[in-house]
Trainee: 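Sharing a structure with you now.
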There are 2 protein chains.
Amino acid sequence: MSDSVPESTRQTLDRLYEDPENRLTSLFELAPDDEQVDAQLGVFKALANEHRIRILEALKEGELCACELQVVLDAPQSTVASHLRELKDAGLVKTRRQGKWTYYRIGDTAALQLLEIAHALAAGT
Amino acid sequence: MSDSVPESTRQTLDRLYEDPENRLTSLFELAPDDEQVDAQLGVFKALANEHRIRILEALKEGELCACELQVVLDAPQSTVASHLRELKDAGLVKTRRQGKWTYYRIGDTAALQLLEIAHALAAGT
DNA sequence: CATACATATCGATAAAGGCCGTTTTAATAC
DNA sequence: GTATTAAAACGGCCTTTATCGATATGTATG
């Protein structure tokens with residue numbers, strides 16, 4: 001493990017701590033596994049777009065079909081469709097097909113919690 | 001307001017609802033204001049990066065200096081510095097300078113809540 | 001002052017993401 | 001079958017973000 005640490009960083013740690021080897025080890029132990037980070041990353045990437053946030057906010061009140069979301073976003077059909085696809089892939093929305101319409105709804109209430117907490121966090125800054 | 005709605009969308013709504021004008025109005029009322037969306041967007045953009053997620057996870061246990069975070073991320077100094085800058089700008093971390101070291105810490109416990117909820121959400125999908 | 005070192009910023013390049021016209025698919029009605 | 005229409009997928013173009021070497025800034029120490 002220690003071999004992967006650049007020499008310059010090692011020297012820095014040598015100066016900072018009495019037992020740099022131990023410190024290195026505990027720093028690496030802080031690292032979450034790749035799967036967890038990938039999962040979190042997928043969620044945050046899906047939320048990191050204005051249109052997608054607006055879609056979720058609109059779905060708070062209940063399901064809407066894609067054509068209604070076009071009205072809410074005031075954007076072209078293909079643009080809205082691709083954002084809906086991303087939200088669905090991320091598990092943030094679920095769909096229900098009825099005839100030629102596809103209805104979208106919040107897939108998990110945790111999605112709404114994320115929106116609320118982010119709002120509160122930004123407001124308190 | 002209605003003038004901004006494309007004719008094709010209006011026709012769709014005409015077919016869907018008895019009172020399309022009313023429906024249009026209520027759809028627009030669902031839209032949150034720009035300030036709120038911008039605030040949420042800022043938070044989620046800051047979280048939408050693997051390195052930045054790893055930094056926050058590492059800071060769960062307490063403050064770390066930039067040089068220690070270089071070890072955790074195993075990335076060049078300038079790369080780490082720019083991610084730290086973004087996290088600070090977003091209000092997710094705060095800093096404390098001591099001599100030539102800058103110590104970083106979680107700026108708001110809401111940041112940790114976001115990480116946890118995102119993890120749980122992805123796990124349940 | 002000069003030197004050393006941690007951190008921050010700059011700038012050029014590379015990679016990722018978003019936009020949207022067009023085309024295709026799927027469902028319905030005639 | 002054909003026509004219509006909502007939604008999804010494709011593809012080229014453009015904007016944004018990430019990376020990282022080089023340079024600058026700030027803070028000690030001698």
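Lettering follows sequence order; numbering is per chain, from 1. Note that these values count all heavy atoms, side chains included, but never hydrogens, waters or copies made by symmetry.
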Trainee: I need the CD1-C1' distance between A:Ile55 and D:dA7, as an integer number of Å.
Mentor: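 Rounded to whole Å, this separation is 14 Å.
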Trainee: Applying a 4.0 Å non-hydrogen cut-off, can you work out what B:Glu86 is touching in the nucleic acid: base, sugar-phosphate, or nothing?
Mentor: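 Answer is sugar-phosphate: B:Glu86 comes under 4.0 Å of backbone atoms only.
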Trainee: Within less than 4.0 Å of OP1 or OP2 of D:dA8, is there a side-chain N or O belonging to A:Tyr104?
Mentor: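 Result: yes.
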Trainee: Would you kindly compare B:Thr95 and A:Gln77 by the position of their nearest DNA chain C nucleotide and give the one closer to the 5′ end?
Mentor: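 The residue whose closest nucleotide sits nearer the 5' end is B:Thr95.
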Trainee: To the nearest Å, give me how far apart CZ (A:Arg54) and P (C:dC19) are.
Mentor: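 Going from A:Arg54 (CZ) to C:dC19 (P), I get 12 Å.
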Trainee: Can you tell me how far the CD atom of B:Gln36 sits from the NE2 atom of A:His119, to the nearest 0.5 Å?
Mentor: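 These two atoms lie 4.0 Å from each other.
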Trainee: With rounding to the nearest 0.5 angstrom, report the CD to CZ distance, A:Glu57 to A:Arg52.
Mentor: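 If I round to the nearest 0.5 Å, the distance is 14.5 Å.
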Trainee: Reckon A:Thr79 has a side-chain N or O less than 4.0 Å from the OP1 or OP2 of C:dC19?
Mentor: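 No, A:Thr79 has no side-chain N/O under 4.0 Å of OP1/OP2 on C:dC19.
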Trainee: Quickly work out the B:His51 NE2 to C:dA16 P distance and round it to whole Å.
Mentor: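 From B:His51 NE2 to C:dA16 P: 13 Å.
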Trainee: Hey, what are the protein-to-nucleotides 24-29 of chain C N/O distances that come in under 3.5 Å?
Mentor:
none

Trainee: So, is A:His83 close to the C:dG17 phosphate, meaning a side-chain N or O under 4.0 Å from OP1 or OP2?
Mentor: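 The answer is no; no side-chain N or O of A:His83 sits under 4.0 Å from OP1 or OP2.
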Trainee: Using a cut-off of strictly less than 4.0 Å, decide whether A:Arg85 has a side-chain nitrogen or oxygen near OP1 or OP2 of D:dA9.
Mentor: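 For D:dA9, OP1/OP2 do have a side-chain N/O of A:Arg85 under 4.0 Å.
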Trainee: Rounded at 0.5 Å granularity, tell me how far OG1 in A:Thr102 sits from CD in A:Glu63.
Mentor: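 Rounded to the nearest 0.5 Å, the OG1-CD separation comes out at 11.0 Å.
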Trainee: What's the separation between atom CG in A:Leu92 and atom CG in A:Leu84, rounded to the nearest 0.5 Å?
Mentor: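 It is 11.5 Å, given to the nearest 0.5 Å.
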Trainee: Determine, stepwise, if the pair A:Lys45 / A:Asp38 fulfils salt bridge (Lys or Arg N to Asp or Glu O under 4.0 Å).
Mentor: CA-CA 10 Å; A:Lys45 277 190 173 182; A:Asp38 278 357; over 6 Å; no
Trainee: Side chains of B:Leu59 and B:Tyr104: does their closest heavy-atom pair fall under 4.5 Å?
Mentor: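 Yes, side chains in contact.
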Trainee: So does B:Asn49 get a side-chain nitrogen or oxygen closer than 4.0 Å to the phosphate oxygens (OP1/OP2) of D:dA18?
Mentor: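 So the side-chain polar atoms of B:Asn49 do come within 4.0 Å of the phosphate oxygens OP1 or OP2 of D:dA18, strictly under.
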Trainee: Using 0.5 Å steps for rounding, measure from the CD atom of B:Gln40 to the CG atom of A:Leu56.
Mentor: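 Output value for this atom pair is 9.5 Å.
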Trainee: When the distance from CG of B:Leu84 to C1' of C:dA8 is rounded to whole Å, what number comes out?
Mentor: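 Result: 10 Å.
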